[in-house]
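See structure below.
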Amino acid sequence: MKPYRSILFVPGHRPAWAEKAVASGADCVVLDLEDSVPAEQKVAARATVAETIGRIRATHPDVGLLVRVNPLATRLTGADLEAVVVPGLDGVFAPKIEQATDVLRYDTLLDHFEARNGVTGLEYIVPVETVQAIQNCREVALASPRIGAMIGPSAEHADIARAVGYEWTPEGLETLYLRSRVLLACREAGIHALTGLWEDLENLDGLREFALRGRRLGFRGMIAIHPKHVETVNDVFTPSAEDVAFYEGMVEAYEAAAAEGTGALRYRGLHIDKAHYDKAVEWLDRAAGFRQAGEQA
């Protein structure tokens, strides 16, 4: 999956909001058919979402476009996918996955509708929303090559808060264990690790600090629920010019030393060796992907 820095949600039955979401600079927009769409509007919203995908893709070829479908237990998922798996879609935001067999059920549906509708290569972003999902996050992350990203839960009022029963704080210590388990599952599976959302719409300073803590832990992008949050999230998860210069210098210094037969050296006051070099190379590869996302946004 592309290294999305910001994933912004919009209600699927509000097509004008999707345009605003793209204009915000979000790397990825999720058109929602689940919680934000009233029950009596869900059927009509499917056609609206399919039309929105085509319209946005025609004018914004690089933005990520996903659809959050209704969970499998609702028995609406198949009809959702039948309508929205159309050319231009990048993937499915797959709610309420709790075990590997849930992923396989999604795979069966997606295989069918990809073939039927002439679409290929769709991926999943999987939110971790229940206690069972936390317990099984490793097997879920490894269940299918379609799994492109998982989200470490952190919400103040969403499903995971109710399921676990924690009392939310801006510092996030109450969800540190939950998020860490998901992060390790993502690393093992080689998928994109996303941190959860910040619900206080007006507190951009709090948003920045929360996003920074997620990045320091190891997450590489974040869910957003309002366009005004996108700029801050993108800034936090975009590697700085100073960091790029630091790691480029480390790579150059190590390669020069290695060419002369030296495996350990001093760089900017630090002892570095092959392990540091390997981290720097990997970091720069990832940073290149993030910089490309920023240039395309």
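Contact record, Gly148 with Ile191: O-CB, 3.4 Å, taken as the closest heavy-atom pair. In this structure, Ala155 and Leu197 approach most closely via the heavy-atom pair CB-CD1, 4.2 Å. Across all their heavy atoms, Pro95 and Pro127 have their closest contact at CA-CG, 4.0 Å. Closest approach of His13 and Ala45 over heavy atoms only: CB-CB, 4.0 Å. Of all heavy-atom pairs spanning Ala185 and Cys137, the tightest one is CB-O, 3.8 Å. Nearest heavy-atom pair, Ala94 versus Tyr124, reported as atom, atom and distance to 0.1 Å: CB-CD2, 4.4 Å.
Using a distance-only test at 3.5 Å, with no hydrogens or angles considered, a donor-acceptor pair links the side chain of Thr74 to the main chain of Pro71. A donor-acceptor contact shorter than 3.5 Å is absent between the side chain of Arg57 and the backbone of Leu89. Checked by atom type and distance alone, the side chain of Arg146 never pairs as donor or acceptor with a backbone atom of Val92 at under 3.5 Å. Judged by distance alone, the side chain of Asp90 and the main-chain N or O of Leu66 form no donor-acceptor pair under 3.5 Å. Side chain of Thr130 to backbone of Ala133: a donor-acceptor contact under 3.5 angstrom is found. Looking only at distances, a side-chain donor or acceptor of His226 sits under 3.5 Å from a matching main-chain atom of Lys228. Without hydrogens or angle criteria, Asn136 side chain to Gln132 main chain gives a donor-acceptor distance under 3.5 Å. The closest donor-acceptor contact from the side chain of Thr262 to the backbone of Ala258 lies at 3.5 Å or more, if one exists at all. Side-chain atoms of Trp168 come within 3.5 Å of backbone N or O of Ser154 as a donor-acceptor pair. Looking only at distances, a side-chain donor or acceptor of Asp27 sits under 3.5 Å from a matching main-chain atom of Arg5.
Applying the salt bridge (Lys or Arg N to Asp or Glu O under 4.0 Å) rule to Asp273 yields no partners; only residues at least two apart in sequence or on another chain are considered.
Relative orientation of the Phe9 and Phe93 rings is perpendicular, given thresholds of 30° and 60° on the angle between their planes.
Val126 has its side chain out of reach of Ile151: every pair of non-hydrogen atoms, C-beta onward, lies at least 4.5 Å apart. You'll find the side chain of Val119 stays beyond 4.5 Å of the side chain of Phe113, heavy atoms only. Residues Trp283 and Pro239 are in side-chain contact: their nearest non-hydrogen atoms beyond the backbone lie under 4.5 Å apart. Under the 4.5 Å side-chain criterion, counting only non-hydrogen atoms from C-beta, Glu199 is in contact with His157. The shortest side-chain heavy-atom distance between Leu207 and Asp200 does not fall under the 4.5 Å cut-off. You'll find the side chain of Leu194 stays beyond 4.5 Å of the side chain of Met222, heavy atoms only. Residues Phe237 and Ser6 fail the side-chain proximity criterion, which asks for heavy atoms closer than 4.5 Å. Between Trp198 and Pro170, some side-chain heavy-atom pair lies under the 4.5 Å cut-off.
Note that CG of Asp111 is 8.0 Å distant from OG of Ser144, once rounded to the nearest 0.5 Å. Taken to the nearest 0.5 Å, the CG atom of Leu104 stands 9.5 Å off from the CD atom of Gln99. For the atom pair CG (Leu31) and CD (Glu51), the distance works out to 10.5 Å, reported to the nearest 0.5 Å. Taking CD of Glu19 as the start and CD1 of Ile56 as the end, the distance is 5.0 Å to the nearest 0.5 Å. Atoms CZ and CZ, from Arg215 and Arg220 in turn, are 8.5 Å apart once rounded to the nearest 0.5 Å. Rounded to the nearest 0.5 Å, atoms OH (Tyr254) and CG (Leu265) are 8.5 Å apart.
With salt bridges taken as basic N to acidic carboxylate O contacts below 4.0 Å, none links Arg208 and Asp205. By the 4.0 Å N-to-carboxylate-O rule, Lys42 lies too far from Asp80 to be salt-bridged with it. Between Glu171 and Arg213 there is no salt bridge, since none of the side-chain N atoms of the basic residue sits less than 4.0 Å from a carboxylate O of the acidic one. Here Glu129 does not pair with Arg162 in a salt bridge; the nearest charged N to carboxylate O distance is not below 4.0 Å. Looking at Arg46 and Glu82, no side-chain N of the basic residue comes within less than 4.0 Å of a carboxylate O on the acidic one, giving no salt bridge. Under the 4.0 Å criterion applied to side-chain N and carboxylate O atoms, Glu34 and Arg68 are assigned as salt-bridge partners. Under a 4.0 Å N-O distance rule, the pair Arg14/Asp32 does not qualify as a salt bridge.
More than 12 heavy atoms of other residues, nucleotides or ligands sit less than 6.0 Å from atom CD of Glu114. For Glu167, the CD atom counts as loosely surrounded, since its 6.0 Å shell holds 12 or fewer non-hydrogen atoms of other residues, nucleotides or ligands. By the neighbour-count criterion of 12 heavy atoms within 6.0 Å, atom CZ of Arg266 is sparsely surrounded, having that number or fewer from other residues, nucleotides or ligands. The number of heavy-atom neighbours closer than 6.0 Å to CD of Glu255, taken from other residues, nucleotides and ligands shown, is above 12.
At a cut-off of 3.5 Å, with distance as the only test, no side-chain donor of Asn70 or Thr77 sits close to an acceptor on the other residue.
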**Message:** Under the criterion side chain to side chain contact (heavy atoms under 4.5 Å, CB included), I'd like the reasoning laid out for Leu109 against Leu72: C-alpha separation, chi angles, the key distance, then a yes or no.
**Reply:** CA-CA 11 Å; Leu109 290 168; Leu72 292 166; 4.1 Å; yes
**Request:** Go through Lys96 and Asp159 one step at a time and tell me if the salt bridge (charged side-chain N to carboxylate O under 4.0 Å, His left out) criterion holds.
**Result:** CA-CA 9 Å; Lys96 305 301 187 293; Asp159 295 310; 3.0 Å; yes
**Request:** Kindly indicate, with the supporting measurements, whether the criterion side-chain hydrogen bond (donor to acceptor under 3.5 Å, both in side chains) is fulfilled by Asn234 and Tyr4.
**Result:** CA-CA 9 Å; Asn234 282 348; Tyr4 298 128; over 6 Å; no
